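These numbers were taken from a predicted model, which means no experiment stands behind them. Just follow the structure's listing: the first ligand is 1, and inside any ligand the first atom is 1.
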Amino acid sequence: MDFENLVIIGSGCAGLTAAIYGARANLRPLVIEGDQPGGQLTMTSYVENFPGFSEGINGFELMDNMRNQGEGFGARFLSVIVERINLKTKELFFNNGQNVVAKAIIIATGAAPRMLNIPGEREFFGGKGVSTCATCDGTFYKNKEVVVIGGGDSACEEAQFLTRFCSKVYIIHRRDQFRASKIMADRVLANPKIEVLWNTIPIEICGDKKVTHICLRTENRERELPCSGIFLAIGHIPNTKIFGGQMELDLEGYIMTQGAHTSIPGIFVAGDCCDCHYRQAITAAGMGAAAAISAERYLS
Ligand code: NAP
C-alpha cells in the first residue's frame, strides 16, 4: 500500500486545475486519470468562452496544456480507474490491483452523457449510428442526414459542428424553445443546413446493421425520419456512483457541498460531479482551484 498527501480523482478541468494548485503548494498530488483522461472537453470541438483565449482553443489542446502545467509543477498522473473507495479511511482501490491511502482527497469525477433509454439506443451505440460525441464521430457522416437530440448548448454546438460534414442536421427537441444560450440558439436558427423539430419526442431507433431511421412522436402523431446518425446531447449524469452511501448526494446524484468541502473531513470536491447549475469549463476550473486551496489548508 502506498501513502499520499493528496489524491485527485479525475483529470478534467476541475481535477487538472486542482493538480496545478496542489502541485504549486508542494503537495505532489497524485491525479487518477480515470477512463477519460482530460474529461469532457477532450470530446468538444472548440472552446470559445475560456478566458484568455480570444480566438478560442481546441478542447483537447486546452486539457493537454493544463496537464503539462500540472506536471511541470510536480503533479503525478496514474492511468487507472478507482474501483472502490473508503472515504472515512481515505483508502482507494484501483483497477490495476494497486491501493493507496491519502491524507486528503479531491473528488473531480465529472459527469457522463445521459441516455434516452429507448429501444434501439444501446443496440446501435458506438459505430452503428448512435453517438454522444459529434467531434469524435461526425466525420463518419459526410453528406449524410443526421439527428441531434436535445435543446441545450451541447445540442446546438453538436448540430453546428455536424453541418461541416453532413448534408442536413435535424435537431429534435421535446419543447417549443431552446434551453441553450441565445448566441448558440441564434446560430443554429440561422444555419440553413439545420432544421429544428419542436415538441418532438424520440420513441425508437431503428435499422438493420446500422441506423436507418428514428421513430418520433409530435403531439399525437408518430412518424419515421430517415437518418444515418443520431447524436445524443441531452445532458449529463454525475459520476458519483462509487461514493453512494458514504457521503451526501442530492436526488440526481450530485455531491452536496459546503464550498469545496463535503460532509467528510479531508474530502473535497470540484466540478461537474457537484455542480448541476453552471457546468462550465471555467467554473469547474475555479472549483478545482478552491478545492486544492482547501485541501492545502486542511493538510497544514
Ligand atoms: P442541458 O443544458 O441540461 O440540456 C439538456 C437538453 O436535453 C435540454 O434541452 C433537455 O430538455 C433535453 N433533455 C434532457 N433529457 C431529455 C430526454 N430524456 N429526452 C429528450 N430531451 C431531453 O445540457 P447541455 O446542453 O449538455 O449543457 C450542460 C451545460 O454545459 C450547460 O450549463 C451549458 O451551458 C454548458 N455548455 C456550454 C457550452 C458552451 O458554452 N460552449 C457548450 C456545451 C455545454 P429541456 O430543455 O426540456 O429540459
Tell me the protein heavy atom at minimum distance from atom 48 (O) of ligand 1, and give that distance in Å. Arg179 NH2, 2.7 Å
Is Glu48 near ligand 1, meaning one of its heavy atoms is under 4.0 Å from it? no
Who's the nearest protein heavy-atom neighbour of atom 36 (N) of ligand 1, and how far? Asp153 CB, 3.7 Å
Assess whether side-chain hydrogen bond (donor to acceptor under 3.5 Å, both in side chains) is satisfied between Asn199 and Glu219, documenting all intermediate values. CA-CA 7 Å; Asn199 297 311; Glu219 284 156 13; 5.1 Å; no
Any idea which protein heavy atom is nearest atom 41 (N) of ligand 1, and the distance to it? Glu157 OE2, 3.1 Å
Checking a contact table here: which protein heavy atom is nearest atom 32 (O) of ligand 1, and how many Å away? Tyr278 O, 3.1 Å
Under 4.0 Å from a heavy atom of His173: give me the atoms of ligand 1 that qualify, with their elements. 9 (O), 11 (O), 45 (P), 46 (O), 47 (O)
Under a 4.5 Å cut-off applied to non-hydrogen side-chain atoms, are Lys128 and Lys209 in contact? no
Name the orientation class of the two ring planes belonging to Phe53 and Phe50 (parallel below 30°, tilted from 30 to 60°, perpendicular beyond 60°). tilted
Of the backbone atoms (N, CA, C, O) and the side-chain heavy atoms from C-beta on, which set of Leu116 has a member under 4.0 Å from an atom of ligand 1: side chain, backbone, both, or neither? side chain
Quick one: look up the protein heavy atom nearest atom 35 (C) of ligand 1 and list residue, atom name and how far away it is. Gln280 NE2, 3.1 Å
Using a 4.0 Å heavy-atom cut-off, say whether Arg279 meets ligand 1 through its side chain, its backbone, both or neither. both
Return a yes/no value for His277: is any of its N or O atoms, backbone included, closer than 3.5 angstrom to an N or O of ligand 1? no
Between Ile230, Leu225, Val148, Ile234, which is the residue that forms a side-chain contact (heavy atoms from CB on, under 4.5 Å) with Ile172? Leu225
Tell me which protein heavy atom sits closest to atom 47 (O) of ligand 1, plus the residue, atom name and distance to 0.1 Å. Arg175 NE, 2.7 Å
Using a 4.0 Å heavy-atom cut-off, say whether Asn49 meets ligand 1 through its side chain, its backbone, both or neither. side chain
What atoms of ligand 1 come closer than 4.0 angstrom to any heavy atom of Gly152? 4 (O), 6 (C), 9 (O), 25 (O)
Which residue, Asn239, Ile9, Thr240, Thr257, forms the side-chain contact (heavy atoms from CB on, under 4.5 Å) with Cys273? Thr240
Could you identify the single nearest non-hydrogen protein atom to atom 16 (C) of ligand 1 and state the distance to 0.1 Å? Arg174 NH1, 3.3 Å
For atom 24 (P) of ligand 1, what is the closest protein heavy atom, and at what distance to 0.1 Å? Ser154 OG, 3.2 Å
Would one find more than 12 heavy atoms of other residues, nucleotides or ligands at under 6.0 Å from atom CZ of Phe94? yes
Check this for me: does any side-chain nitrogen of one of Arg217 and Glu222 sit under 4.0 Å from a carboxylate oxygen of the other? yes
Hey, looking at atom 9 (O) of ligand 1, which of Ala155, Pro202, Gly151 has the closest heavy atom? Gly151
Donor + acceptor pair across side chains of Gln40, Asp272 (<3.5 Å): yes
Ignoring hydrogens and geometry beyond distance, is a side-chain donor-acceptor pair present between Ser131 and Asp137 at under 3.5 Å? yes
Does a donor on one side chain and an acceptor on the other come within less than 3.5 Å for Ser181 and Asp153? yes
